[in-house]
Amino acid sequence: MKNPYCIFSENYLKMSETLNDMMSANVVIIHPGSLYLRIGKGSDTSPTKIVHAIARRRKPEGVARQDPLLIPQAKLDTVSWNTLDDARLQVFQALSKVIKRDGTKREPPSSARVLELNSTIQPEKIESSENLDEARDFDEVIVGDDVMSIPSSLPYNIHFPFRRGDLNLHSGVGGSLSSILVDLQEIWSRSIEKYLGIQTVDLRHYKAVLVIPALYRRSTIKHYLSLLLLNMGFAGCFVVQDHVAATFGAGLAAACVVDIGDQKTSISCVEDGISQPNSRIHLGYGGSDISQLLYFLSKQTGFTYKSCDSASISDGLILHKIKEDQCNMNLDEASLVRHLFKVEKFGKSPLRYSLYLGDEAIVAPLGLFQTDLLEVTGKKSVSVMGKDPGDSEDPHDHLYLRETSRKYTKTGDIQNDDPDFDDNDLETVGPDIGSEIVPIDQAIFRSIDMCISDDMKRKMFGSILIVGGGFRFAGGAQYLQARLAQLLGPNNPPTVEVMIDPKDGDSDLTVWRGAAVMASMESAQELWIKPREWAKHGQKILRERAPFPWA
C-alpha cells in the first residue's frame, strides 16, 4: 500500500504545477528589441518572434521617413577608410597563418579566386512562388513581419521604435517620445491580438511582464508602465532586467551575462538575481554591424547582386540572412562556400543569385574582436551605469534625499553634512572603459574585474552566459573562451567557460524564457503593480516592488 503522505505530496505538487500553469496563462511576457519583438504567454514553451516595426500610410502632403533594417554604412573619410582597410588586410593575413588543430596549415581560397568566381555569375530568372500584387489593399497601419512585404513604391513611413537598444528618438517625423510610445502601443496591442488571440478589451484580465535593459533609464521605465497599465489596460505589471532574466532562463545562480543583440551588446555580472551595477557595460555594436561588414567585405570580392541597397528593408533582410546562414568562427574551416538567395521586386520577375564566400564569412564576425573593422558603420558608443540625473516628477529621488539630509544656517550655508549620507552612495561607477570602443573579450574582462572579491571573479569567469541573436556563429563560444583565457595569462588563471544555448535552448530566447519562469514563481506575486497603484503613487511604488534596486 502506498504511503498516504506520499500520495498527498504528489497531489499537492500536481496541484501547485497546475496552479502555476493557470497563473502563467494569464501573463503576457514582452521582450522588445531593436530588430525583433518576442512576445508570448507565460505558459508558452517559446515566444512568437516578429519584426519590431510599424508602417503607417503617408498622407499626400506628408514627409517621407523609412528607418532602415540594418544600421547604415557610414560615409568614411580618408583616415577612417585607411583604418578599416588596414584592419581588413591584417585579419585576412592572420587567418592565412593559422595552424589547425591537426597541426596543418589553413589554406583558405584567395580573395582573387573568390572574385574570379563571382565575376562569372549571372542572375537566373525563376518562377514566383508568391502572389506579389502591388495593387492589393494594404491597411493604414501595418505592424510586425507584414511590414517586410510592403512594396517600396507605396507611400508608407516605416519606423523601428528602438535603435541600438534604446528608444529611437530623432528630430524627423515619428521621432518624438510621444510618437514612439504610440507606435509601441500599436505594435504590442496588434501583436498580442494576432499571435496570442487576446482582444485589447480583454487585457484587463491579463498581467504583463516587461523585459528592460540592464542599463535602463528610470525616466523611460515610467513611460513603459504608464503605457501598459493605463493605456493598454493590463491588470498588473512588473519589469525585470534582461540579464537577470537570462540567469533564470539558463538555470544559473550566478553568471556574467553577455547579451549580443542586433544593434548593441551589454554585459553585467549577476548573482542571486541582482545585476551588479558597477559591472554593467553597454557597447554600441551588434549583429547588424556584422551584416554590413560582411557586405563590405563581399563587395571587395565581387558581390553578385550589384544593385543591392543595404539601406532598404528588403535588401537589408537579404544581407541579414546571408550573415546568419554563412558566417562562422571555426578557424579550422578554410573552404569556399556558395550561397543562393532570391531577390523579388514588385513588377519584375524574381531572380536567383549565387554568391561565393571565402574567409569573408569568418572575418565579418571577428569584427567583434577587431573593432577597427566596425568603422564600416561609423563611430561606436560605449557607456556604463552612471549617476541618475534625477526626475522632476519623483519627489523622493536621490536629489531630494541629498538636500533633505543637510543642515543649513540661517544664511543658507551648509553647516554640517549628515555623516551617514554620502553622495557617492547614490552614484554608480562602472568599469573604467573610457570613451573608446573595446573588443568584446576585453569588455567582458573589465566587467568581471569590477566584482568585489576574487572568489566572485572566479565564479563569473567560470560561468559566462551568451544570450541574444547576434552571436549565433558556429565556433563562436570556443573562440571567445580561448581569447579570454589568453587575456588571463598562464599563471594560475581561473577556469573560463562560455555557455551558449543553455539547456539545449536557443540563446535568442533565453531571456524571454527566464522572464516567464520569474512570472510563475510564488515570490513574484509581491512584485505586481496594479493600475490604480501606479496612477496614485507613480515611481514611488517601484522602490518597493521592483525586483532590483531602484534607488
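As the structure is a computational prediction, the values presented were derived from the model and not from experiment.
- Heavy-atom neighbours of Lys306 NZ from other residues, nucleotides or ligands within 6.0 Å: above the threshold of 12.
- A search for salt bridge (charged side-chain N to carboxylate O under 4.0 Å, His left out) contacts involving Asp506 returns Arg472, not counting sequence neighbours.
- Residue pairs meeting the salt bridge (Lys or Arg N to Asp or Glu O under 4.0 Å) criterion with at least one partner in residues 171-186, sequence neighbours excluded, are Arg56-Asp183, Glu186-Arg190.
- In this view, Asn328 satisfies the side-chain hydrogen bond (donor to acceptor under 3.5 Å, both in side chains) rule with no residue, not counting sequence neighbours.
- Note on residues 307-332: no pairs pass ring pair (Phe, Tyr, Trp, His ring centres under 6.0 Å), not counting sequence neighbours.
- The ring pair (Phe, Tyr, Trp, His ring centres under 6.0 Å) pairs that include a residue from residues 139-163 are His52-Phe162, where partners are two or more places apart or lie in different chains.
- In terms of the side-chain contact (heavy atoms from CB on, under 4.5 Å) criterion, residue partners of Pro123 (sequence neighbours excluded) are, by chain and number, Leu351, Tyr353.
- For Tyr295 and Phe303, the gap between ring centers is short of 6.0 Å.
- Residues satisfying the ring pair (Phe, Tyr, Trp, His ring centres under 6.0 Å) criterion with Phe238, sequence neighbours excluded, are Trp528.
- By the side-chain contact (heavy atoms from CB on, under 4.5 Å) test, Ser275 pairs with Ala214, Gln241, Val244, Ser268, Val270, Arg280, sequence neighbours left out.
- Residue pairs meeting the ring pair (Phe, Tyr, Trp, His ring centres under 6.0 Å) criterion with at least one member in residues 65-96, sequence neighbours excluded: Trp81-Phe296.
- Ring pair Phe369/Tyr479 is perpendicular by interplanar angle, where above 60° counts as perpendicular and below 30° as parallel.
- In terms of modelled atom types and a separation under 3.5 Å, the side chain of Asp242 and the main chain of Val211 share no donor-acceptor contact.
- Scanning for side-chain contact (heavy atoms from CB on, under 4.5 Å) contacts around Leu117 gives Arg113, Leu336, Tyr356, with sequence neighbours left out.
- Pairs engaging residues 194-204 under the salt bridge (Lys or Arg N to Asp or Glu O under 4.0 Å) rule: Asp146-Lys194 [sequence neighbours left out].
- For Asn168, the side-chain contact (heavy atoms from CB on, under 4.5 Å) partners two or more places apart in sequence, or in a different chain, are Asp67, Arg163, His170.
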Q.
Run Asn157 and Arg58 through side chain to side chain donor-acceptor pair (under 3.5 Å) and show every step you take.
A. CA-CA 6 Å; Asn157 284 351; Arg58 188 168 59 248; 2.8 Å; yes
Q: Dump the intermediate steps for side chain to side chain donor-acceptor pair (under 3.5 Å) on Ser179 and Ser176, then the final yes or no.
A: CA-CA 5 Å; Ser179 296; Ser176 66; 2.9 Å; yes
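- Tyr36 carries Lys49 over the face of its six-membered ring, with the cationic atom under 6.0 Å from the centre and within 45° of the normal.
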(Q) Before you tell me yes or no, could you show the steps for Thr304 and Asn118 under side chain to side chain donor-acceptor pair (under 3.5 Å), namely the whole-Å CA-CA distance, both residues' side-chain angles and the distance that decides it to 0.1 Å? (A) CA-CA 6 Å; Thr304 52; Asn118 283 330; 5.4 Å; no
